2 protein chains.
Amino acid sequence: MTESAQTASRQEQKGRTRQAILAAALELAQTQGFAQISLRQVARHAGIVPTAFYRHFDSMDELGLALVEQSFSTLRRMIREAQRDPKVFDNIIDAAADVLVEAVKQSKAHFAFVARERVGGSEAVRRAIQHELDLFVSELAVVLARLPNIETWSSDDVQMVSRLFVRNMVSNAEEVVEMPDHRPDLEERIKDGARRQMRLIVIGFRDWKS
Amino acid sequence: MTESAQTASRQEQKGRTRQAILAAALELAQTQGFAQISLRQVARHAGIVPTAFYRHFDSMDELGLALVEQSFSTLRRMIREAQRDPKVFDNIIDAAADVLVEAVKQSKAHFAFVARERVGGSEAVRRAIQHELDLFVSELAVVLARLPNIETWSSDDVQMVSRLFVRNMVSNAEEVVEMPDHRPDLEERIKDGARRQMRLIVIGFRDWKS
DNA sequence: ACTTTGAGTGTACGCACGTTCACTCAAGTT
DNA sequence: AACTTGAGTGAACGTGCGTACACTCAAAGT
């Protein structure tokens, strides 16, 4: 990449190339899975020479970790925005199902990456994703604990419900990822399934405690 | 492998080598994931020369499919045996949790393979696993439908509960797989979690239908 | 006793890979 | 205007890969 845009402060350009690498890796990972793509493929797709890759990441593993970070920061932003919506208090379940499907649709590639590499990736990437998911369970527990009905539960119980929610989120995200594009019927089905499952968890939990 | 055992009818020997290849692939897949191991690695580990591999499988993909088949036939055998145990009728939930943990512990490698390649594998392997899991949902639905309490439910409802059970089974299998060896405390925790989750599903479902 | 069959061997090939190294040349600094 | 910095280049290396091909040599078939 001798040139790339006329707007080019040095660090701007570096950031742009970095993003190009991330985007290239994410796209390639879609079809073959991140674990099986090569440094040279990524470089080629990003329009740089293999050795230039090292100016941005020490190894493919570090690229993977950067993608994990990017994926979860996207997710966190969406959750934070959704929390501002007052309907969350009325009906957390429907809101969560909507957010889930919307979020996954909007950044399918990131979710696909996380879903795949969570179990299929390298040791380092797998650990990073598991750590982020654990964090996410705790964060969601905090949100849930503030909800009517739930605010009286013990924090252990809230934690477990949160874990079940996240587990279900992962499962449903996998389904949305595998879903062919432009099939609103399937999408509605998955949303509906997610809603039912979450309701199930809440109801089952409530009744079983009594 | 010029020789391997003195008992050697030709097809016996071929079968033995085939098993050696399958075992080698399964073991290697444990650490790195099946998708990233090479034909040559498998051959080396199985004690044959790379070209001999082709006498048994046309490609690594076909080897993967064979492993899928092997994994699920192991699982099916265990389920079939467990069904003969009368306690299944009294308490399908505890029985299922026991079977799950026992089965996964006993053939950890196969479960690890399935859990990983279900999302991380090649297109062909992924599809094969998904297909087997779909089959399994239907088979389990048949078993469930015969159970007291459940026998009055609609078949759609039974199918959905079955799907949730299987989804949970996959999640818990993943956990057992990641579990370090010789930690009966963790094992009991996972079993307990699985039991609670299944109870949750059943209770939630029953109460919500009413 | 002979021929046929086919699992396993050994060599050799072209290819993509990760990484090294010395380089260019524009942006940023003095 | 001269100097420094560092993102991107391009050639070269050693390695492991999948696969082709000609082979050996016992078991199985006649």
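Labels below follow one simple rule: chain letters A, B, ... track the order of the sequence lines, proteins then strands, and each chain is numbered from 1. Below, each value reflects all heavy atoms present in this structure, side chains not excepted, and no hydrogens, waters or symmetry copies. Values in this document were obtained by computation on a predicted structure and should not be read as measured data.
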A/Arg55 CZ to C/dA22 C1', straight-line distance once rounded to whole Å: 12 Å
Neighbour count above 12 (heavy atom, 6.0 Å) for A/Arg76 CZ: yes
Phosphate contact (D/dG8 OP1 or OP2) by A/Thr17 side-chain N/O below 4.0 Å: yes
Nucleotide D/dG6, atom P - distance to CD1 of A/Ile48 in whole Å: 18 Å
Atom-to-atom span, CD of A/Glu62 to C1' of C/dG18 - whole angstrom: 15 Å
Separation of atom CG in B/Leu63 from atom P in D/dT19, rounded to whole Å: 13 Å
Atom-pair distance (CE on A/Met60; P on C/dC17), nearest Å: 10 Å
Check: A/Thr17/A/Gln13 side-chain N/O donor and acceptor closer than 3.5 Å: yes
Atom CZ of A/Arg126: over 12 foreign heavy atoms under 6.0 Å: yes
Whole-Å distance separating the CZ atom of A/Arg16 from the P atom of D/dG8: 11 Å
B/Phe34-B/Phe113 aromatic ring centre distance below 6.0 Å: yes
Between C/dG6 (C1') and B/Arg18 (CZ): distance, integer Å: 17 Å
Sugar-phosphate, base or nothing in reach of B/Thr51, heavy atoms under 4.0 Å: base
Donor-acceptor pair between A/Gln32 and A/Gln41 side chains, under 3.5 angstrom: yes
Separation of atom NZ in B/Lys14 from atom P in D/dC25, rounded to whole Å: 21 Å
B/His56, nearest nucleotide to its side chain (from C/dG8, D/dG6, D/dG10): C/dG8
Residue B/Tyr54, side-chain heavy atoms: nucleotide from D/dT19, C/dG10, D/dG8 that is nearest: D/dT19
Residues within residues 30-43 of chain B bordering DNA chain D, heavy-atom distance below 4.0 Å: B/Ser38, B/Leu39, B/Arg40, B/Gln41
Among D/dA7, D/dT19, C/dT19, the nucleotide that comes nearest once only the side chain of A/Pro50 is considered: C/dT19
B/Val114 side chain near B/Val68 side chain, heavy-atom distance below 4.5 Å: no
Residue-phosphate contact under 4.0 Å: A/Arg44 side-chain N/O, C/dC17 OP1/OP2: yes
Validation row: A/Val202, A/Arg199 side chains within 4.5 angstrom (heavy atoms): no
